[in-house]
Amino acid sequence: MNREPTKPDEDVLSAYLDGECTAVETAWVEEQLAASPEMRAVLDDVRAARDAVRALPLRDAPPEFWEHLLATGPERADGPVEDPAGAPALVAAGDGAPVDLAAARRRRRPSRWVAAVAGVAAALVIGAVVFVPQEQSVTPPVAALTDAHAVRSSLQDDAVSALVPLAVRGGFGR
Amino acid sequence: MTDGVPTWEEVARDHGRFMYTVAYRLAGNDEDAQDVVQESLIRVKRGLERYQPGSLEGWLARIVTNVFLDEVRRRRRRPTDALPDDPERVLPTSPGADEVSTQLSDDIQAALAALPDEFRVPVVLCDVADQSYEQIAASLGVPVGTVRSRLHRGRRMLRTMLSEGAA
Amino acid sequence: MRRLARVGLVVALVAVGGIVALPGAHADDAEAVLERARNATVREDFSGVVQIEWRNDGEWYTAKAPVTGTGGTVQVGEGTRKAEGRDDERWIAGVSGWQAGWDEPVRGDVPSPSAHWDLTLGKADPIAGRTTVVVTATDPDTGIERLKVYCDKDTGVMLRREVLDRNGRVVRAVGFVDVKKLGGSRAAAPADPVTKQSRSKSGEKVDPTPDKVTDLPDGFDAPAKVPGGYVLAGRYLRDDDIVQLYYSDGLFGISVFQQAGDLDWNGLPKGGNGVDVDGADGRGYAVAGGTVLVWDRDGVTRTVVSDATVADLRGFAQAFDDRADESPGVVERITDFVLGPFGWR
């Protein structure tokens, strides 16, 4: 059965942005973009969404999550706290097997009296932290600091050249 | 580390933040993200013997994704659990970021969390975990063409949500 | 973002090749041109396209943005990626709308550029169809040109700024590639500019300007001067407890951000290069927003941002660290006490 060659559909625009197009598709996209304002608008939309997600900062768990995990191992991080049988509870199933993470979380949550004891302990620790200098690690919000510099710089130097970095892609986030 | 294969502790220390970021963007809240990372590290620990030195973050992203999808499937069987896109649970603040960046991140995260799983997962794997279409297809067990289509539709939905939010 | 090595170099070579010293011009004239250029864009109406180019790891990158100046308001960019400036206010747009970036007068002065640089004034080839003059800043110690500022001869508007490295090669440039209406009639300033509210997620109004401070938390330093001609022009405490110091040598502005704690290397953006900062490990980046250097020492993490080169920032960082080790003298303390309440220092 003869079929007319089909045009690549709009999905190809995301692939074009990601460098995942074939040479034929790339040529088609560039031809369409040159001729069609609608296509350019779609490309701009997709690019904006892509840039927005890529601009999201790294995220990390609270330090105590990692400390606990590294101290006890991932299997035991839940702890046998509330296992009625007294046996260590293994959360993991085999590779790819469904697991019940909610159950793991319930086990990780301490009971109320444990929470009360933990609260007192935490207060003591906080007190210690206040009076005893502690080393801590920090992550500079580099993208935000770059923006803050551009803003401050624009107030005493040429505003256009100082503000341009806030308006273009080519940094850590914006 | 022996023969280029890290220990699970080294993975946790050196790539924990990467795993957590992927897990958080997939799950939409810290509590679920912690669960996903913990379970992922169990699988990492067990799978390291078979790990062939190569793209470690690609391998880790695949494990995190599989754990997340397992959880999604489990919750679909037990719909009484809170879903990851519960709006009360998807607006965290990023400590350390300034107000401009934080609010921007919140809006984007909220929009991302509101995407249906089938669109959010490829978007996160591509734009957060930096995976190729081929890697994403392998992780999800779908053809590359499906990845391309879902990714594009996901981004368009995201753009619409962000525009409406900004209006 | 695309590589445009040839374009960048061609533009740079054309600009460099077209410079002719103005007969009879001297440093005072050059300084007057720079001073005029500082706020010329708020005195003129114009529209056009500005291009920023920067070199990173031997490759050129470029990005463009439309720009307008209307009745004293400058706007750069479009859509969800734009910034606006009017008087002492700065606004940044994103997908969630406008956010305030600054809303208070800045009082600290920047030093005279001729205090540290040899300045010359010359003629140069037209830029975007406009006749230009160029101010060249040369390092008096090495005789190497480090900055060129091209200004519109009629209006004084800065049309291009080129940063050169210690070998005299252009490594960063920002300037108009198209400009219209410049020198024509002006629109009246809007009688009642549109107010852009800045609010937190919970709806509370947000004060966008960091607090000017006189006393810094223990462990933080703010030397009044840093070798190399840099003078402290402002110090601020942000909501996230990061201290921002703004230094200027009259040509380059440098922000030093300080926060308590050792640097968490895993949290840094991808990319960049390892940089030694006087024995401390650091990481340097060259991005559209400038050159960034991050390092930590003695429990304080510092992030320095400028459009100067990485090598210059490294020199600044070392001098800053050395200078910061010194205890503030009596004169500095008195100066702090007297000028502090005015937010001057």
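Note that the coordinates shown come from a computational prediction; the quantities given were computed from them, not determined experimentally. Every chain is numbered from 1 and lettered A, B, ... according to where its sequence line falls, protein lines coming before strand lines.
- When heavy atoms are compared at a cutoff of 4.5 Å, C/Tyr247 does not approach chain A at all.
- Residue C/Asn266 touches chain A through its backbone alone, counting heavy-atom pairs closer than 4.5 Å.
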Run the side chain to side chain contact (heavy atoms under 4.5 Å, CB included) check on C/Tyr246 and A/Leu155 step by step: do they pass?
CA-CA 11 Å; C/Tyr246 186 77; A/Leu155 292 156; over 6 Å; no
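- Here C/Arg38 pairs with A/Asp157 in a salt bridge; the nearest charged N to carboxylate O distance falls below 4.0 Å.
- Heavy atoms only, all atoms of each residue included: A/Val168 and C/Lys64 are closest at CG1-O, 3.7 Å.
- Annotation: the span from A/Leu163 atom CG to C/Glu84 atom CD amounts to 10.0 Å, rounded to 0.5 Å.
- For the options C/Ala260, C/Gly85, C/Gly69, heavy-atom pairs under 4.5 Å to chain A are most numerous at C/Ala260.
- The two residues A/Pro165 and C/Gly289 make their nearest non-hydrogen contact at CB-CA, 3.3 Å.
- Only the side chain of C/Val174 comes within contact range of chain A, with at least one heavy atom under 4.5 Å from a heavy atom of that chain.
- Applying the side-chain contact (heavy atoms from CB on, under 4.5 Å) test between A/Pro140 and each of C/Asp240, C/Leu268, C/Asp264 identifies C/Leu268 as the sole match.
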- Message: With side chain to side chain contact (heavy atoms under 4.5 Å, CB included) as the criterion, how do C/Val292 and A/Leu145 come out once you've worked through the C-alpha distance, each side chain's angles and the decisive distance to 0.1 Å?
- Response: CA-CA 9 Å; C/Val292 180; A/Leu145 299 184; over 6 Å; no
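- Within the 4.5 angstrom heavy-atom criterion, only backbone atoms of C/Ile254 (N, CA, C, O) approach chain A.
- Summarising the geometry of A/Pro141 relative to C/Gln259, their closest heavy-atom pair is CD-OE1, 4.2 Å, with the distance given to 0.1 Å.
- In this structure, the side chains of C/Ile92 and A/Val151 come closer than 4.5 Å at one or more pairs of heavy atoms.
- In plain terms, the two heavy atoms of C/Phe176 and A/Val160 that are nearest each other are CZ-CG1, 4.3 Å.
- Side-chain atoms of A/Ser154 and C/Arg90 include a donor-acceptor pair closer than 3.5 Å.
- Each of C/Gly175, C/Ser306, C/Gly290 has some count of heavy-atom pairs under 4.5 Å with chain A, and the biggest count is that of C/Ser306.
- Options C/Gly77, C/Ser255, C/Gly299 differ in how many heavy-atom pairs under 4.5 Å they form with chain A, and the most are formed by C/Ser255.
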Where do A/Ser161 and C/Met158 land on the side chain to side chain contact (heavy atoms under 4.5 Å, CB included) test, with the steps shown first? CA-CA 8 Å; A/Ser161 57; C/Met158 197 188 86; 3.4 Å; yes
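- Of the inter-residue distances, the one linking A/Asp158 atom CG with C/Asn39 atom CG reads 9.5 Å to the nearest 0.5 angstrom.
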- Evaluation steps, side chain to side chain contact (heavy atoms under 4.5 Å, CB included), between C/Val76 and A/Leu166: CA-CA 8 Å; C/Val76 183; A/Leu166 295 169; over 6 Å; no
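- When all heavy atoms of C/Arg238 and A/Ala148 are compared, the pair lying nearest together is NH1-CB, 3.6 Å.
- Contacts of C/Arg161 classified as salt bridge (Lys or Arg N to Asp or Glu O under 4.0 Å), with partners at least two apart in sequence or in another chain: C/Asp307.
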